[in-house]
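Data block below; observations after.
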Amino acid sequence: ISRGVRVVEFDARFGDPEPQALLALLDSPLAPLLHAAATGTLADVPPPTWRDGAAVAVVLASAGYPESASKGDVIRGVHGAEALEGVHVVHAGTALEGRDLVTAGGRVLAVVGTGPDLAAARRTAYAGVAAVDFEGAQHRTDIALKASQQ
């Protein structure tokens, strides 16, 4: 007997890539929800509202990740990626050295793409990934692939 959709695990801790995609579709402000959760007044806050569409986050990792992370490599193209419609870049393992944006950890950036459906969001995210470059940059090429083909 089917009992509908069941959630086995929902892993969306801040700092991980999962909420970066989820928050790209959040239409209502996040701060009141966080404050209410922290103060025990969440029942008093209107429920969150969401934009239509889909979002995909692709992590760009430094050379050697996950065993060891290369640090100090100059990152190029972030502004170019963010200039693309539907793309924003979330910094994780970055730092400034003078005027240069450089790698400073394993998961360096997440490039988030949005679109009307999962296939479009995936194309947008990977277009953003293609705009960013740093020595030893690596990323998975299969993020949301199977789901976007259904």
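Numbering of residues begins at 1 and proceeds along the displayed sequence. These values consider heavy atoms only, across backbone and side chains, with no hydrogens, waters or symmetry-generated copies.
- The minimum heavy-atom distance between Val111 and Val87, with the atom names listed, is CG1-CG1, 3.9 Å.
- By the 6.0 Å contact criterion, CG on Asp52 is open, its count of non-hydrogen atoms from other residues, nucleotides or ligands being 12 or less.
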Fill in: side-chain contact (heavy atoms from CB on, under 4.5 Å) assessment of Asp16 paired with Arg107
CA-CA 9 Å; Asp16 284 348; Arg107 291 180 181 169; 3.4 Å; yes
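- For the side chain to side chain contact (heavy atoms under 4.5 Å, CB included) criterion with Val89, the lone passing option out of Thr94, Val129, Leu109, Val108 is Leu109.
- Looking at Tyr126 and Ile143, their side chains come closer than 4.5 Å, going by heavy atoms from C-beta outward.
- Smallest separation of non-hydrogen atoms from Gly113 and Ala121: O-CB, 3.6 Å.
- The minimum heavy-atom distance between Arg122 and Asp142, with the atom names listed, is NH2-CA, 4.1 Å.
- In the displayed structure, Glu135 atom CD is contacted under 6.0 Å by at most 12 heavy atoms of other residues, nucleotides or ligands.
- Across Gln20 and Val90, no two heavy atoms sit closer than the pair NE2-CG1, 3.4 Å.
- With hydrogens and angles disregarded, no donor-acceptor distance shorter than 3.5 Å links the side chain of Ser70 to the backbone of Ser62.
- Both Leu84 and Val132 are part of a single hydrophobic cluster, where members link through side-chain heavy atoms under 4.5 Å apart.
- In this structure the side chain of Val59 never reaches within 4.5 angstrom of the side chain of Arg140, judged on heavy atoms.
- The backbone N or O of Asp73 lies less than 3.5 Å from a partner atom in the side chain of Thr103, making a donor-acceptor pair.
- Residues Leu118 and Ala55 come closest through the heavy atom pair CD1-O, 4.3 Å.
- Inter-residue side-chain proximity for Phe14 and Leu23 is flagged as met; some heavy-atom pair is nearer than 4.5 Å.
- Annotation: the span from Thr41 atom OG1 to Leu33 atom CG amounts to 10.0 Å, rounded to 0.5 Å.
- Here the closest non-hydrogen pair linking Ala131 and Gly80 is CB-C, 4.3 Å.
- Hydrophobic clustering (side-chain heavy atoms under 4.5 Å, transitive across Ile, Leu, Val, Met, Phe, Trp, Tyr) keeps Leu26 apart from Val45.
- Looking at Leu101 and His91, their side chains come closer than 4.5 Å, going by heavy atoms from C-beta outward.
- Put simply, the side chain of Leu60 does not reach to within 4.5 Å of the side chain of Gln138, judged on heavy atoms.
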Worksheet item: When you look at Phe134 and Val74, which way does the side-chain contact (heavy atoms from CB on, under 4.5 Å) test go after all the steps?
Response: CA-CA 6 Å; Phe134 54 89; Val74 176; over 6 Å; no
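- Using a 4.5 Å heavy-atom cutoff, the side chains of Pro32 and His35 are not in contact.
- Counting heavy atoms of neighbouring residues, nucleotides and ligands inside a 6.0 Å radius, atom CD of Gln149 exceeds 12 of them.
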